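See below for the structure under consideration.
In what follows, residues are counted from 1 in the order of the sequence shown. The shown structure was predicted, so the numbers you read here are calculated from the model rather than taken from an experiment.
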Amino acid sequence: MVTISLCMIVKNEESIIERCLDSVQHVVDEINIIDTGSTDRTKEIVQNYTTRIFDFIWCDDFAKARNFSFQQATKDYTLWLDADDVLTTEYQQKLLQLKKSLNPNIDAVSMDYYVQLDEDGEIEISEKRYRLVKRSRNFQWQGAVHEFLHVKGKLFHSDVVITHLPLKKDRDRNIQIYERLMAAGHSFSARETFHYANELKSHQRFLEAINHYNTFLDLDLGSAEDKIQACLNVSDCYQHLRDSKQAIQSLLQSLLYERPSPETCCRIGHLFMEQFKNETSIYWYSQAIQQSSTTLGTQRRAYSTWLPHLQLSKLYDRLGLYENAHEHNEAARRYKPNDKRILDNEKYLYSRLNKGK
């Protein structure tokens, strides 16, 4: 059975660090905590779990902190988590099974990451990340912000799931790091340009965001997934700026990079729906249901499950096709049985169907 070192970088996590460590301490063989300047009880709490606590002077560079954390590992494999990550009981057992059965020739193991849950506790956004890596391969983190672990070799996709349960977020931290890098004359990579544009968008600096997304797309160096997301985000920016023509053109540009994803189809359908081009909107929402999501990368499950069905229900209602509308509302309800919007729509459609009879 392989051995595992847990490596985490933390700062002022007294409210959540126990939750994370309780969910994994009995599976890993070593816990390494790298503290980047806590002023609360984080280090005091962590002492109940490990003596391997290391100080790292914060330097506005997450990759350097992650790489320092990996340098402290001494076991066969290194597992990384953030303080607001947890493993449920089910996936604690799956990680233990993985530990017992993992072929030691494997270099890196991916795990599903439930990034965001909806109000019902259902998965809203998920992605795959390489979480467990062979220590001897000395894989390195890259990127001061939105850092990523560059892995290669023999890869394995596991059925382990890590859930993100954040309690707080410093929304200004990342953009401040990027702008300090820019002021220091740092030349942004394509990936950094993309993520800086994301930060600009989240801060409602839409024109600046559009400019940096276009710079990223012109470089033609990013992944197809990031290029598509850049197009979708540019469309969002234009919608905020009330330019529907440019919003649609940006969505259509995404089709240059890959077949349309469910999210792309839904977004195109929404824009046509707003213009009351009902048949065209129906076509795109129907495509969303038929498209399969990619195995890797970020998946926003609403776009391939309940959302297109609910929108199709509303569109068929506009056309007076209440049987079709009811059929799609029922399909949406199977995914979200307690959603008020869907339940209210169900009552409305029953009234229309009964009136017709």
Side-chain angles (χ1 to χ4, degrees), residues 118 124-125 197 201 204 206-207 209-210 213-214 217 224-294 298-336 339-353 355-356:
D118 65 15
E124 195 164 76
I125 302 175
K201 175 177 176 284
Q204 299 185 7
F206 299 121
L207 290 175
I210 290 170
Y213 282 127
N214 287 333
L217 291 168
E225 180 190 359
D226 284 349
K227 291 174 185 176
I228 291 168
Q229 192 60 53
C231 293
L232 302 186
N233 291 351
V234 169
S235 178
D236 282 345
C237 291
Y238 277 123
Q239 287 188 72
H240 283 290
L241 296 171
R242 301 185 183 280
D243 189 337
S244 60
K245 181 179 179 181
Q246 288 292 337
I248 290 178
Q249 288 181 352
S250 299
L251 288 175
L252 295 177
Q253 183 180 348
S254 71
L255 304 180
L256 296 173
Y257 305 112
E258 185 58 87
R259 64 181 177 82
S261 67
E263 181 176 1
T264 301
C265 294
C266 283
R267 286 173 178 264
I268 296 173
H270 174 70
L271 288 176
F272 283 119
M273 187 176 184
E274 285 191 325
Q275 297 175 19
F276 284 83
K277 296 180 178 179
N278 298 323
E279 289 80 3
T280 305
S281 182
I282 285 172
Y283 169 82
W284 283 104
Y285 278 120
S286 298
Q287 287 297 309
I289 296 168
Q290 296 174 31
Q291 300 297 324
S292 60
S293 298
T294 56
T298 301
Q299 297 184 40
R300 293 170 174 82
R301 299 194 178 193
Y303 293 111
S304 59
T305 57
W306 65 270
L307 179 60
H309 282 293
L310 179 59
Q311 297 298 78
L312 283 166
S313 178
K314 294 177 179 178
L315 287 160
Y316 281 119
D317 171 51
R318 284 182 181 179
L319 299 175
L321 299 173
Y322 303 120
E323 291 285 354
N324 300 73
H326 179 259
E327 177 185 338
H328 282 287
N329 196 71
E330 284 296 292
R333 191 163 67 91
R334 285 194 287 272
Y335 291 107
K336 288 179 72 70
D339 189 278
K340 186 176 185 300
R341 293 162 296 181
I342 297 171
L343 294 176
D344 287 346
N345 197 43
E346 179 184 22
K347 293 177 183 177
Y348 161 75
L349 290 170
Y350 272 131
S351 71
R352 301 299 298 184
L353 288 166
K355 184 177 180 180

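Judged purely by atom type and a 3.5 angstrom limit, Thr305 uses its side chain to pair as donor or acceptor with the backbone of Arg301. Judged by distance alone, the side chain of Ser235 and the main-chain N or O of Ala247 form a donor-acceptor pair under 3.5 Å.
Within the structure, the salt bridge (Lys or Arg N to Asp or Glu O under 4.0 Å) test picks out no pair touching residues 310-320 (sequence neighbours left out). The ring pair (Phe, Tyr, Trp, His ring centres under 6.0 Å) pairs that include a residue from residues 226-259 are Phe206-His240, where partners are two or more places apart or lie in different chains.
Contact check for Met273 versus Trp284: no side-chain heavy atoms found under the 4.5 Å cut-off. Looking at Ser286 and Tyr283, their side chains never come closer than 4.5 Å, going by heavy atoms from C-beta outward. Residues Ile248 and Gln275 form a side-chain contact, since some pair of their non-hydrogen atoms from C-beta on lies under 4.5 Å apart. Within the 4.5 Å cutoff, side-chain heavy atoms of Gln239 are placed close to those of Asp236. At least one side-chain heavy atom of Leu319 sits under 4.5 Å from a side-chain heavy atom of Glu279. Side-chain contact between Gln253 and Leu217 is present, with heavy atoms from C-beta onward closer than 4.5 Å. For the pair Tyr316 and Tyr322, the minimum side-chain heavy-atom distance is 4.5 Å or more. Side chains of Tyr285 and His270 form a contact here, defined as non-hydrogen atoms less than 4.5 Å apart.
With rounding to the nearest 0.5 angstrom, the CD atom of Gln311 is 11.0 Å from the CD1 atom of Ile289. For the atom pair Asn278 CG and Leu312 CG, the distance stands at 11.0 Å (nearest 0.5 Å). Between the NE2 atom in His328 and the CG atom in Leu349 there is a gap of 11.5 Å [rounded to 0.5 Å]. The CD1 atom of Ile342 sits 9.0 Å away from atom CG of Leu307, with the distance rounded to the nearest 0.5 Å. Rounding to the nearest 0.5 Å gives a distance of 10.5 Å between CG of Leu251 and SG of Cys265. Taking CG of Asp243 as the reference point, atom OG of Ser250 lies at 8.5 Å (rounded to 0.5 Å).
Nearest heavy atom pair, residue Leu353 against residue Glu323, reads CD2-OE2, 3.7 Å. Across all their heavy atoms, Tyr303 and Ala288 have their closest contact at O-CB, 3.8 Å. Between Lys201 and Ala209, the closest heavy-atom pair is N-CB, 3.7 Å.
Salt bridge annotation for Glu124-Arg300: absent, with no cationic side-chain nitrogen under 4.0 angstrom from a carboxylate oxygen. A salt bridge does not link Arg333 with Asp339: none of the charged nitrogens is closer than 4.0 Å to a carboxylate oxygen. Using a cutoff of 4.0 Å between basic side-chain nitrogens and carboxylate oxygens, Arg334 and Glu330 are not scored as salt-bridged.
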Using the rule given for side-chain contact (heavy atoms from CB on, under 4.5 Å), can you reason through Leu232 versus Arg267, listing the C-alpha separation, both sets of side-chain angles and the distance that settles it, and then say yes or no?
CA-CA 8 Å; Leu232 302 186; Arg267 286 173 178 264; 3.9 Å; yes
Give the intermediate values and the outcome of ring pair (Phe, Tyr, Trp, His ring centres under 6.0 Å) for residues His326 and Tyr350.
CA-CA 8 Å; His326 179 259; Tyr350 272 131; 5.2 Å; yes
